[in-house]
Every structure is written in structure tokens, then in C-alpha cells.
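Keep in mind that what you see is a predicted model, and the values were worked out from it rather than measured.
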Amino acid sequence: TEIADQYEWTGPNNYAGNEAMSLVSSSASFADRGWYLLRIQRNGCWSNFDSLFIDVLTKPERPSLQFRTPVCENDQLVMQASTTGEVDEYIWRLPDGSELTTSSNTISIDPGDYIEGFYSVAIQRNQCRSEYSIQEELEIEYVGDLGVSANLPICEGETLNLRSNNIQNAEYTWTGPSFNSHLQNPVVNNPLSGRYILLVQAASGCIKSDTTEVIVSSPPNLTGIMSNVDVEACLTGLDSVVLSPLGVPIDPDLRYTWENPDGDFFSSRDLVLLNADETINGVYSLIVYAPGNCPSEKRSIDLSFSDAPI
């Protein structure tokens with residue numbers, strides 16, 4: 001560790017050096033393999049020789065890289081490296097400069113995890129890395145946004161309009177419950193609830209799919225209207241009359257439309273008439289709507305109250 005006055009290196013391939021840190025070769029070869037001897041001089045005195053063995057390993061040959069290009073946007077990217085001999089690791093360089101390391105000469109990358117650009121691969125054997133392969137360019141075929149939609153929600157008896165974006169020279173295949181079509185925007189008569197699937201094959205041969213879930217709503221089974229008091233009762237003006245739907249379950253997805261004799265509308269499940277007397281008499285009607293704006297039968301009740309003597 002002390003500074004010497006002189007350094008004397010000797011070694012294979014007629015190597016000689018006189019620096020503490022001595023460059024043997026900027027491009028090592030097997031001729032440089034062997035024992036290297038060093039002695040130093042300080043204050044006119046030479047030390048004994050010390051030695052160091054340098055081993056020169058074989059640099060792996062440059063591999064080649066293969067993959068299919070262009071690749072469809074929803075397909076896996078499968079890359080394969082070709083080389084000879086045993087390999088400890090494969091180092092895959094991606095277009096963004098990042099690297100992936102595997103023990104296999106094949107690597108699969110899921111859709112969405114690869115990008116367009118240049119890819120290459122190197123191999124490592126006995127701590128020595130090869131040169132990277134010639135770069136290969138990956139192109140991605142994009143089908144495009146399918147834009148699947150429908151006129152949802154819908155009711156029983158209505159038609160279902162399935163829609164999608166126009167993709168030039170593409171083939172369309174729709175499938176669903178008891179339904180199939182090769183139209184881009186088919187119309188389904190008497191549709192059933194379920195999943196409707198669109199499969200699009202572009203001119204490139206690439207395939208992409210999307211789905212839409214369809215719920216066909218049934219109209220509520222409104223059977224009538226019930227009053228909490230007899231419709232011909234005598235009232236004092238201190239009572240409240242409550243009108244309620246019959247045959248309809250309590251469901252937050254249902255919507256109620258009441259209409260009173262004056263043509264006013266109310267949206268509560270139960271219609272409460274405060275301070276009831278004969279001035280509220282008349283026909284009250286109700287329609288209940290299921291999701292998709294599916295209406296029930298319109299039901300009515302005729303109130304014919306009389307004012308009680310005071």
C-alpha cells in the first residue's frame with residue numbers, strides 16, 4: 001500500500017510494465033492469459049516478486065433475435081434468441097432502454113406491456129456478456145376502438161340497438177342470447193337479458209372484442225291502489241288519507257308518478273293527503289316505472305268522501 005520508487009511488471013505475451021496500475025491490453029486475448037509478476041523498489045532496495053494469475057475467458061458469440069412483426073395489439077409478443085452452446089442468462093433490451101433477464105431463450109410479453117420500437121438480446125456465459133444482437137423493429141397492428149354501446153336500459157317488447165365504431169374493411173360478428181349477426185350496428189327484436197359480444201377482424205387479420213351487458217326490464221305488476229280509509233267515508237278534515245300501490249314490491253329502482261284530480265303530479269311511493277275532506281274528492285291515478293322507463297298499467301281510484309257533521 002506504500003508508494004514505491006519503481007514498479008516492475010512482467011507477464012505473458014512479452015508484457016512489461018512500470019506503473020503501479022498498468023494496462024496489459026485494451027483488447028484481451030488468450031495470449032494474455034497466465035501469471036503476472038510484480039516487484040517494487042524503494043530506497044534502492046527491490047522487493048521479492050508477487051504474482052497474480054489472469055484468466056481470459058471466451059466471449060460468447062453474438063446471438064440473433066427473432067419475433068413476428070407486425071404483432072396484433074391483443075396478442076402476446078414472443079421473442080426467441082438463437083445461439084450455440086450453454087448460456088447462463090439472456091438479457092433482452094427493450095425500446096425504452098430497460099432490460100429483462102431470463103434463463104430461457106424465449107420470452108413472452110403480455111399485451112399492453114410491450115411497445116413499438118427496436119429490440120435486441122445478449123447472452124452471458126461464464127461471467128462474460130456477448131455483444132447485443134442486431135436490433136429488430138417491432139410494429140404493432142391496432143384494430144382501433146370498437147366503441148360498443150346500446151340503447152340501454154330497455155323494456156320488454158322494445159328493440160335493442162347495438163352500435164359500434166366503423167373500422168375500414170373490418171368484419172363484424174355479434175353474438176348474444178339466442179342472437180347473432182354480421183352487421184356493424186344490428187337491431188335485435190325481442191331481446192333477452194345477457195351479455196352481447198362483438199368480435200371484429202380487421203383487414204390485417206387482427207381480432208379484437210368487446211362486450212355490453214343488457215338487462216331487459218319487465219313492467220311492474222301494478223294491480224291497483226289501496227286507501228287506508230273507505231273511499232266513501234265521512235271525514236272531519238282532521239284525518240290523513242294514504243294511497244298506496246298494490247302488487248308492487250318496495251324497490252328503490254322503481255319510479256312512481258301520481259296524478260291528482262287537478263292534474264298535479266307526485267313522485268312518492270305513497271300519496272299522503274293531509275286534512276282530508278270532500279274537497280279532495282276525485283280520481284287519483286298511478287303509473288309505476290321500472291328501470292328503462294318501463295311503465296306499468298295505469299291504475300286509478302275514485303275518492304267520494306263526505307264531510308262529517310261537526
Exercise. Does one side chain, of Glu156 or Ser218, offer a donor that lies under 3.5 Å from an acceptor on the other?
Worked result: yes
Problem set entry | Interatomic distance, Asp75 atom CG to Cys206 atom SG [nearest 0.5 angstrom] | 6.5 Å
Exercise. For the side chain of Thr106 and the backbone of Gln80, is there at least one donor-acceptor N/O pair under 3.5 Å apart?
Worked result: no
Exercise. So, does Asp96 use its side chain to make a donor-acceptor pair with the main chain of Ser98 at under 3.5 Å?
Worked result: yes
For this session: Check the pair Glu61 / Arg125 against salt bridge (Lys or Arg N to Asp or Glu O under 4.0 Å), numbers first and verdict last.
Result: CA-CA 10 Å; Glu61 67 280 4; Arg125 180 189 299 134; 3.6 Å; yes
Exercise. Does Glu213 CD have over 12 foreign heavy atoms under 6.0 Å away?
Worked result: yes
Problem set entry | Polar contact flag, side-chain donor to acceptor under 3.5 angstrom, Trp258-Ser267 | no
For this session: Find out if a path of hydrophobic residues (ILVMFWY) with successive side-chain heavy-atom gaps under 4.5 Å connects Val87 to Tyr132.
Result: no
For this session: Would you mind checking if Arg33 and Asp55 are paired as a salt bridge, meaning a charged N to carboxylate O distance below 4.0 Å?
Result: yes
Exercise. Thr159 side chain to Asn189 main-chain N or O, any donor-acceptor pair under 3.5 Å?
Worked result: no
Exercise. Would Thr101 and Glu89 satisfy side-chain hydrogen bond (donor to acceptor under 3.5 Å, both in side chains), going step by step from the backbone distance to the final call?
Worked result: CA-CA 7 Å; Thr101 300; Glu89 289 181 338; 5.1 Å; no
Problem set entry | Reported CZ-to-CG distance for the pair Arg269 and Leu286, which is rounded to 0.5 angstrom | 9.5 Å
Problem set entry | Gap separating the OH atom of Tyr196 from the OG1 atom of Thr212, nearest 0.5 angstrom | 10.0 Å
For this session: Kindly check if the number of other-residue, nucleotide or ligand heavy atoms within 6.0 Å of CD1 (Ile215) is above 12?
Result: no
Exercise. Where the side chain of Trp174 meets the backbone of Gln184, is there a donor-acceptor pair that is under 3.5 Å apart?
Worked result: yes
For this session: Check whether Leu162 and Leu152 end up in the same hydrophobic cluster, where Ile, Leu, Val, Met, Phe, Trp and Tyr are linked by side-chain heavy atoms less than 4.5 Å apart.
Result: yes
Problem set entry | Heavy-atom donor-acceptor pair, Arg299 side chain to Leu222 backbone, under 3.5 Å | yes
For this session: Kindly indicate, with the supporting measurements, whether the criterion side chain to side chain contact (heavy atoms under 4.5 Å, CB included) is fulfilled by Leu192 and Ser178.
Result: CA-CA 8 Å; Leu192 301 175; Ser178 301; 3.9 Å; yes
For this session: Check whether Trp9 and Val24 end up in the same hydrophobic cluster, where Ile, Leu, Val, Met, Phe, Trp and Tyr are linked by side-chain heavy atoms less than 4.5 Å apart.
Result: yes
Exercise. Between Gln76 and Ile109, is any pair of side-chain heavy atoms under 4.5 Å apart?
Worked result: no
Exercise. Would you find a donor on one side and an acceptor on the other, under 3.5 Å apart, between the side chain of Tyr289 and the backbone of Pro219?
Worked result: no
For this session: Please report the C-alpha distance between Ser268 and Asp270 in whole Å, then the side-chain angles of each, then the deciding distance to 0.1 Å, and finally whether the side-chain hydrogen bond (donor to acceptor under 3.5 Å, both in side chains) criterion is met.
Result: CA-CA 5 Å; Ser268 59; Asp270 299 314; over 6 Å; no
Problem set entry | Validation row: Ser227, Val241 side chains within 4.5 angstrom (heavy atoms) | yes
For this session: Kindly indicate whether the side chain of Leu138, heavy atoms from C-beta on, has any atom under 4.5 Å from the side chain of Val71.
Result: yes
Exercise. Do you reckon Tyr142 sits in the same ILVMFWY cluster as Leu77, going by side-chain contacts under 4.5 Å, direct or chained?
Worked result: yes
For this session: Would you mind reporting whether Tyr36 and Pro12 have side-chain heavy atoms less than 4.5 Å apart?
Result: yes
For this session: Verify side chain to side chain contact (heavy atoms under 4.5 Å, CB included) between Ile301 and Leu243, making sure each step is shown before the conclusion.
Result: CA-CA 9 Å; Ile301 188 171; Leu243 304 181; 4.2 Å; yes
Problem set entry | same_hphob_cluster(Ile207, Val200) at 4.5 Å side-chain heavy-atom cutoff | no
Exercise. Are any of the side-chain heavy atoms of Leu94 and Tyr119 separated by less than 4.5 Å?
Worked result: yes
Seminar exercise, completed: Smallest heavy-atom separation, Cys128 atom then Pro60 atom, equals O-CG, 3.3 Å
For this session: Please step through side chain to side chain contact (heavy atoms under 4.5 Å, CB included) for the pair Asn48 and Arg39, ending with a clear verdict.
Result: CA-CA 6 Å; Asn48 293 326; Arg39 67 173 183 167; over 6 Å; no
Exercise. Should the pair Lys208-Glu73 be classified as a salt bridge under the 4.0 Å nitrogen-to-oxygen rule?
Worked result: yes
Exercise. Is the closest side-chain heavy-atom distance between Ser217 and Asn293 below 4.5 Å?
Worked result: no
Exercise. Counting distance only, does the side-chain N/O of Asn13 pair as donor-acceptor with the main-chain N or O of Tyr15 below 3.5 Å?
Worked result: no
Exercise. Hey, does the side chain of Asp110 reach the backbone of Asp113 with a donor-acceptor pair shorter than 3.5 angstrom?
Worked result: no
Problem set entry | Point-to-point distance, once rounded to the nearest 0.5 Å, from OG1 of Thr175 to CD1 of Ile197 | 4.5 Å
Problem set entry | Non-hydrogen atoms of Cys155 and Gly292 that approach each other most closely | SG-O, 3.1 Å
Problem set entry | CZ-CG distance between Arg163 and Asn185, expressed to the nearest 0.5 angstrom | 8.0 Å
Exercise. Which atom names give the shortest non-hydrogen contact between Thr102 and Ser104, and what distance separates them?
Worked result: OG1-O, 2.8 Å
Problem set entry | Asn43 and Asp5, any side-chain heavy atoms less than 4.5 Å apart | yes
Problem set entry | Sidechain-backbone polar pair: Asn281 side chain, Phe305 backbone, donor-acceptor under 3.5 Å | yes
Problem set entry | Taking every non-hydrogen atom, the tightest pair across Gln124 and Gln127 | NE2-CA, 4.0 Å
Exercise. Are any side-chain N or O atoms of Asp277 and backbone N or O atoms of Asp307, one a donor and one an acceptor, separated by less than 3.5 Å?
Worked result: no
For this session: Answer yes or no: are there more than 12 heavy-atom neighbours, outside Leu100 itself, under 6.0 Å from its atom CG?
Result: yes
Exercise. Which distance, rounded to the nearest 0.5 Å, do you find between the CG of Asn161 and the CG of Asn151?
Worked result: 4.0 Å
Seminar exercise, completed: Between Leu254 and Pro249, the two heavy atoms sitting closest are CD1-O, 3.6 Å
For this session: Applying side chain to side chain contact (heavy atoms under 4.5 Å, CB included), run through Leu199 and Ser209 and close with a yes or a no.
Result: CA-CA 4 Å; Leu199 194 71; Ser209 64; 3.7 Å; yes
Exercise. Looking only at heavy atoms, what is the nearest atom pair of Pro291 and Cys294, with distance?
Worked result: O-SG, 3.5 Å
Exercise. When you look at Ser82 and Gln66, which way does the side-chain hydrogen bond (donor to acceptor under 3.5 Å, both in side chains) test go after all the steps?
Worked result: CA-CA 8 Å; Ser82 296; Gln66 299 88 33; 2.9 Å; yes
Problem set entry | Close side-chain approach of Leu303 to Glu232, heavy-atom, < 4.5 Å | no
